[in-house]
Amino acid sequence: MSVREFRAPDGRQWRVWDVRPNEEAAERRRSDRRVTPIESLDDPPVLERRHSADRRTPGGTRPRMRPGDLLPDRWRDGWLVYEDVSGTGHETRRLAPIPPQWESLSEAELAARLDQAVVSKRLLS
């Protein structure tokens, strides 16, 4: 993932990076999260006794989906995130689809794409 910073014509400083949901999920699947051998554990895991049928049956009826498949078409292949880092307030915008060769765009081109980006709604907790 590339990260760039640029200054927009209005003087605000922006950070921009790409999000590619299907690639990130594939990368997580490639990494082995179970790296501790059972022999090295002080307390070995307890085997679970199931009281119902296993849902993980081979040849199930549900098609295999990628995380991005649940997104609307426009966002499936990823998007750019623009984050205001100028200290004047917090604003985030998203632009989909990702422009080709976005890492090599000039600051003026990144700023022009910023005007096309959708302002992100933040959820307050």
Side-chain angles (χ1 to χ4, degrees):
M1 172 176 63
S2 296
V3 178
R4 294 193 48 201
E5 289 196 12
F6 70 96
R7 186 167 303 281
D10 65 0
R12 292 165 64 184
Q13 187 74 21
W14 291 86
R15 181 175 298 138
V16 61
W17 66 92
D18 60 339
V19 174
R20 299 175 190 266
N22 291 325
E23 289 177 14
E24 290 173 11
E27 181 63 32
R28 281 195 304 268
R29 282 192 302 271
R30 276 194 293 270
S31 66
D32 187 8
R33 290 178 276 182
R34 297 178 223 153
V35 294
T36 307
I38 291 179
E39 295 81 21
S40 69
L41 295 174
D42 292 332
D43 186 19
V46 177
L47 296 176
E48 179 183 343
R49 182 165 296 177
R50 295 182 184 258
H51 299 286
S52 61
D54 191 353
R55 296 176 298 164
R56 299 171 294 174
T57 57
T61 58
R62 292 190 329 192
R64 202 167 172 107
M65 296 182 74
R66 301 179 312 171
D69 292 345
L70 299 174
L71 295 168
D73 289 342
R74 177 179 176 191
W75 303 94
R76 279 196 185 143
D77 293 325
W79 56 90
L80 290 182
V81 177
Y82 287 85
E83 180 181 39
D84 179 1
V85 292
S86 60
T88 59
H90 187 78
E91 182 179 344
T92 305
R93 299 182 189 187
R94 291 181 173 80
L95 175 70
I98 298 173
Q101 310 282 314
W102 77 269
E103 297 95 339
S104 59
L105 293 177
S106 68
E107 288 193 6
E109 291 170 315
L110 283 174
R113 296 284 195 332
L114 171 66
D115 292 335
Q116 301 167 2
V118 176
V119 176
S120 175
K121 297 177 183 134
R122 295 192 66 195
L123 299 175
L124 301 175
S125 48

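We number each residue from 1, following the sequence as shown.
Checked by atom type and distance alone, the side chain of R4 pairs as donor or acceptor with a backbone atom of E103 at under 3.5 Å.
Interatomic distance, OH of Y82 versus OG of S120, reported as 14.0 Å (0.5 Å rounding).
Smallest separation of non-hydrogen atoms from W79 and A96: CB-CB, 4.0 Å. Of all heavy-atom pairs spanning R7 and G11, the tightest one is NH1-O, 2.6 Å. Among all heavy-atom pairs drawn from P21 and G78, the shortest one is CD-CA, 3.8 Å.
Among Q13, R15, E5, the one residue that satisfies the side-chain contact (heavy atoms from CB on, under 4.5 Å) test with E83 is R15.
Within the 4.5 Å cutoff, side-chain heavy atoms of V118 are placed close to those of R74. Inter-residue side-chain proximity for V85 and W14 is flagged as unmet; no heavy-atom pair is nearer than 4.5 Å. Side chains of I98 and D77 form no contact here, defined as non-hydrogen atoms less than 4.5 Å apart.
In terms of the side-chain contact (heavy atoms from CB on, under 4.5 Å) criterion, residue partners of P99 (sequence neighbours excluded) are, by chain and number, L80, L95, W102, L105, R113. Every salt bridge (charged side-chain N to carboxylate O under 4.0 Å, His left out) that R93 has, sequence neighbours left out, goes to E91.
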